[in-house]
K.L.:
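Can you keep this structure in mind? I'll have questions shortly.
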Amino acid sequence: MSTAQIRLNDRVAAMQPSATLAMKSRAAEMRRQGHPVVALSAGEPDFDTPAPIAKAGMQAIQDGFTHYTENPGMQALREAIAEKLERENDLRVSPDQIVCSNGAKQSIALAVHALCDEGDEVLIPAPYWVSYPEMARFAGATPQVVHTAVDHDYKLSPERLDEALTERTRLFILCSPSNPTGAVYSADELEALADVLRRYDDVLVLSDEIYEYVLYGADHVAFGSLPGMRDRTITVNGFSKGFAMTGWRLGYLAAPTPIADACAKIQGQFTSAPSSISQKAGVAAYEMGSGPVDDMVAAFRERRDVVVDRLRSLEGVQCPMPQGAFYVYPDVSSYFGAETPGGETIKDSSDLCFYLLEEHHVALVPGTAFGAADGLRISYASSMDDLKTGLDRIEAGLEALR
Ligand code: PMP
Ligand code: GLU
């Protein structure tokens, strides 16, 4: 019997799987095998989708609103998004400049593919969300990673941006509030970055604002609302995080017309519009009022305070205070070189996370996946009980290292 020779596309073969999703599956698999794993690795709210949104989705099904919509998303949703961007973000775009997709992840992939060619560079501050460099590489471009420091709250300074920009930089990806650090850039900090970019006409900005609503006192400033930035910014946002709608798969981008048209063209050939049912639910999300979102954010804030307090009490752990999103990114590099009770050496955050998972049954995501190996990501989108148990296990795990 002959066996087929399977040869994959070179770029697919070179692609790293998503470490955040991989950790989620590994934790689920260990649980199925009977290990009592506490997963602090998930990047999604642990709350159910608020009832008015869920109801709108059910209504859409009952009403037979179950057909393809216009490719960039139904007009009513794009109008609602355009109104939201003007009202909340001081960003004036027409509904024609908005493309709704199956999650912000797809929106980012569309923009990167619409803009990047072989040889282009995509500037990405680290720690970064795992998918940005892979998307850039998949489009044939080269990710150019620029490191930030824990004692600057992992924020990129204008000087570092200036140094990192080259003639080949096509796109600069900014994520505020940040996954994985929870850092939030202030209006002044964003303005200082914009000021550098004004000297580089060809550089576009992808501003990933998906954690916009998950803030603990800081204000959200849309990068595209800064003077002169609208015509070079692709604003990406979505419903997954702020409205606890990860499974509905709904996100969007707003961009200058040629970019929005190009993204819509790719979408028209690859996936078509997102689910009609989710789009109806998305309209309801904007009509709902902020009560349910405020409740979720208040719960995240309480958990953040508990987690950060606890981490700061651990020897050798440096932990900035996150201002948004639901992640903390402690620096744990003082443990590198330590030995486990089983005699293994912890070389980096990947070894540390593997050890904490296998020996202490707590799932975290290693900093190696975010391009900043000194840290690791802890998600506090989990119940307070799970967080307390998880932190006990982290503490016990670190104490057992020599
Ligand atoms: N950007 C960031 C920074 C994220 O954390 C996520 C969540 N995975 C996304 C984009 C994509 O979210 P979604 O596709 O669920 O809208
Ligand atoms: N944004 C989440 C995370 O970073 C979800 C997983 C993913 O899509 O990568 O964990």
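Counting starts at 1 for both ligands and their atoms, following the listed order. We number each residue from 1, following the sequence as shown.
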K.L.:
Determine whether the aromatic ring centres of H220 and Y211 lie less than 6.0 Å apart.
P.N.:
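No.
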K.L.:
If you count the atoms of ligand 1 from 1 in the order shown, which ones are under 4.0 Å from a heavy atom of N179?
P.N.:
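Atoms satisfying the 4.0 Å criterion: 3 (C), 4 (C), 5 (O).
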K.L.:
Over 60° means perpendicular and under 30° means parallel, so classify the ring planes of Y216 and Y380, tilted if in between.
P.N.:
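Answer is tilted, since the angle falls between 30° and 60°.
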K.L.:
Is the contact between L21 and ligand 2 made by the side chain, the backbone, both, or neither, using heavy atoms and a 4.0 Å cut-off?
P.N.:
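The side chain, only.
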K.L.:
Considering only heavy atoms of K241, which atoms of ligand 1 have at least one such atom less than 4.0 Å away?
P.N.:
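Those of ligand 1 that fall under 4.0 Å from K241 are 5 (O), 6 (C), 7 (C), 8 (N).
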K.L.:
Quick test: of every protein heavy atom, which one is nearest to atom 9 (O) of ligand 2, and how far off is it to 0.1 Å?
P.N.:
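That would be T20 OG1, 2.6 Å.
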K.L.:
So which heavy atom in the protein is nearest atom 3 (C) of ligand 1, and how far is it from that ligand atom?
P.N.:
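Answer for atom 3 (C) of ligand 1: D208 OD2, 3.3 Å.
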K.L.:
Taking 4.0 Å as the limit for heavy-atom contacts, which would you say applies to R249 with ligand 1: side chain only, backbone only, both, or neither?
P.N.:
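For R249, the contact with ligand 1 is made by the side chain alone.
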K.L.:
Quick check on contacts: which atoms of ligand 2 are under 4.0 angstrom from a heavy atom of S18?
P.N.:
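Counting atoms of ligand 2 from 1, those under 4.0 Å from S18 are 9 (O).
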K.L.:
So which protein heavy atom does atom 10 (O) of ligand 2 come closest to, and at what separation?
P.N.:
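Answer, as residue, atom name and distance: R377 NH2, 2.8 Å.
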K.L.:
Which atoms of ligand 1 have any heavy atom of C175 under 4.0 Å away?
P.N.:
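So the answer, numbered in order with elements, is 3 (C).
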K.L.:
Would you find more than 12 non-hydrogen atoms of other residues, nucleotides or ligands less than 6.0 Å from H35 atom NE2?
P.N.:
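Yes - once you tally the heavy atoms of other residues, nucleotides and ligands closer than 6.0 Å, there are more than 12.
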K.L.:
Are the aromatic ring centres of Y128 and F370 under 6.0 angstrom apart?
P.N.:
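No, too far apart.
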K.L.:
C100 versus R78: any side-chain heavy-atom pair under 4.5 Å?
P.N.:
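Yes, at least one pair of side-chain atoms sits under 4.5 Å.
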K.L.:
Among all protein non-hydrogen atoms, which one is nearest to atom 9 (C) of ligand 1, and what is the separation to 0.1 Å?
P.N.:
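Answer, as residue, atom name and distance: W129 CH2, 3.5 Å.
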K.L.:
Do the ring centers of Y213 and F300 come within less than 6.0 Å of each other?
P.N.:
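Y213 vs F300: aromatic centres not under 6.0 Å.
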K.L.:
Could you tell me whether Y132 approaches ligand 1 through its side chain, its backbone, both or neither, with non-hydrogen atoms closer than 4.0 Å?
P.N.:
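It is the side chain that touches ligand 1; the backbone stays farther off.
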K.L.:
Roughly how far, to the nearest 0.5 Å, is the OG atom of S379 from the CG atom of L40?
P.N.:
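Answer for the CG-OG pair, L40 versus S379, is 7.0 Å.
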K.L.:
Would you find more than 12 non-hydrogen atoms of other residues, nucleotides or ligands less than 6.0 Å from E315 atom CD?
P.N.:
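No, not enclosed.
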K.L.:
Which atoms of ligand 2 have any heavy atom of Y211 under 4.0 Å away?
P.N.:
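What qualifies from ligand 2 is 1 (N).
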K.L.:
Find all atoms of ligand 1 within a distance of less than 4.0 Å from any non-hydrogen atom belonging to Y211, and give their numbers and elements.
P.N.:
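It comes down to these atoms of ligand 1: 3 (C), 4 (C), 5 (O).
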K.L.:
Any atom of ligand 1 sitting under 4.0 Å from a heavy atom of I210?
P.N.:
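A heavy atom of I210 does come that close to ligand 1.
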K.L.:
With a cut-off of 4.0 Å, which atoms of ligand 1 are near a heavy atom of S240?
P.N.:
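Those qualifying, in numeric order: 13 (P), 15 (O), 16 (O).
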K.L.:
To the nearest 0.5 Å, tell me how far R160 CZ sits from H152 NE2.
P.N.:
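Going from the CZ atom of R160 to the NE2 atom of H152 covers 10.5 Å.
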K.L.:
Consider ligand 2: state whether an atom of it lies below 4.0 angstrom from any non-hydrogen atom of K105.
P.N.:
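The answer is yes, since K105 has a heavy atom less than 4.0 Å from ligand 2.
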K.L.:
Can the ring centres of H113 and F138 be said to be less than 6.0 Å apart?
P.N.:
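They qualify: ring centres under 6.0 Å apart.
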K.L.:
Among protein heavy atoms, which sits nearest to atom 11 (C) of ligand 1, and what does the distance come to when rounded to 0.1 Å?
P.N.:
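Ranked first by proximity to atom 11 (C) of ligand 1 is K105 N, 3.5 Å.
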K.L.:
What protein heavy atom lies closest to atom 16 (O) of ligand 1? Include the residue and the distance to one decimal.
P.N.:
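For atom 16 (O) of ligand 1, the nearest protein heavy atom comes out as A104 N, 2.6 Å.
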K.L.:
Taking it one step at a time, do L357 and M23 satisfy side chain to side chain contact (heavy atoms under 4.5 Å, CB included)?
P.N.:
CA-CA 10 Å; L357 178 61; M23 196 47 108; 4.1 Å; yes
K.L.:
Does even one non-hydrogen atom of Q106 get within less than 4.0 Å of ligand 1?
P.N.:
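So Q106 does not count as touching ligand 1.
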K.L.:
Kindly indicate, with the supporting measurements, whether the criterion side chain to side chain contact (heavy atoms under 4.5 Å, CB included) is fulfilled by N89 and F223.
P.N.:
CA-CA 9 Å; N89 304 110; F223 195 82; over 6 Å; no
K.L.:
May I ask you to check whether over 12 heavy atoms, not counting those of R92, lie within 6.0 Å of atom CZ?
P.N.:
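No, CZ of R92 has 12 or fewer neighbouring heavy atoms, counting only those of other groups under 6.0 Å.
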K.L.:
Is M23 touching ligand 2 with its side chain, its backbone, both, or neither, if touching means heavy atoms under 4.0 Å apart?
P.N.:
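Under 4.0 Å from ligand 2, M23 contributes no heavy atoms.
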K.L.:
Backbone, side chain, both or neither: what part of T246 comes under 4.0 angstrom of ligand 2, heavy atoms only?
P.N.:
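Neither part.
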K.L.:
Tell me, which protein residue and heavy-atom name are nearest atom 5 (C) of ligand 2, and how many Å apart are they?
P.N.:
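Nearest protein contact, heavy atoms only, for atom 5 (C) of ligand 2 is G43 O, 3.8 Å.
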K.L.:
Less than 3.5 Å between some nitrogen or oxygen of S41 and one of ligand 2, yes or no?
P.N.:
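No; the residue has no nitrogen or oxygen that sits under 3.5 Å from a nitrogen or oxygen of the ligand.
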K.L.:
Report yes or no: does K241 have a heavy atom closer than 4.0 Å to ligand 2?
P.N.:
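Heavy atoms of K241 do come under 4.0 Å of ligand 2.
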K.L.:
Write down the atom of T181, the atom of P127, and the distance for their closest heavy-atom approach.
P.N.:
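What the structure gives for the nearest pair is CG2-CG, 3.6 Å.
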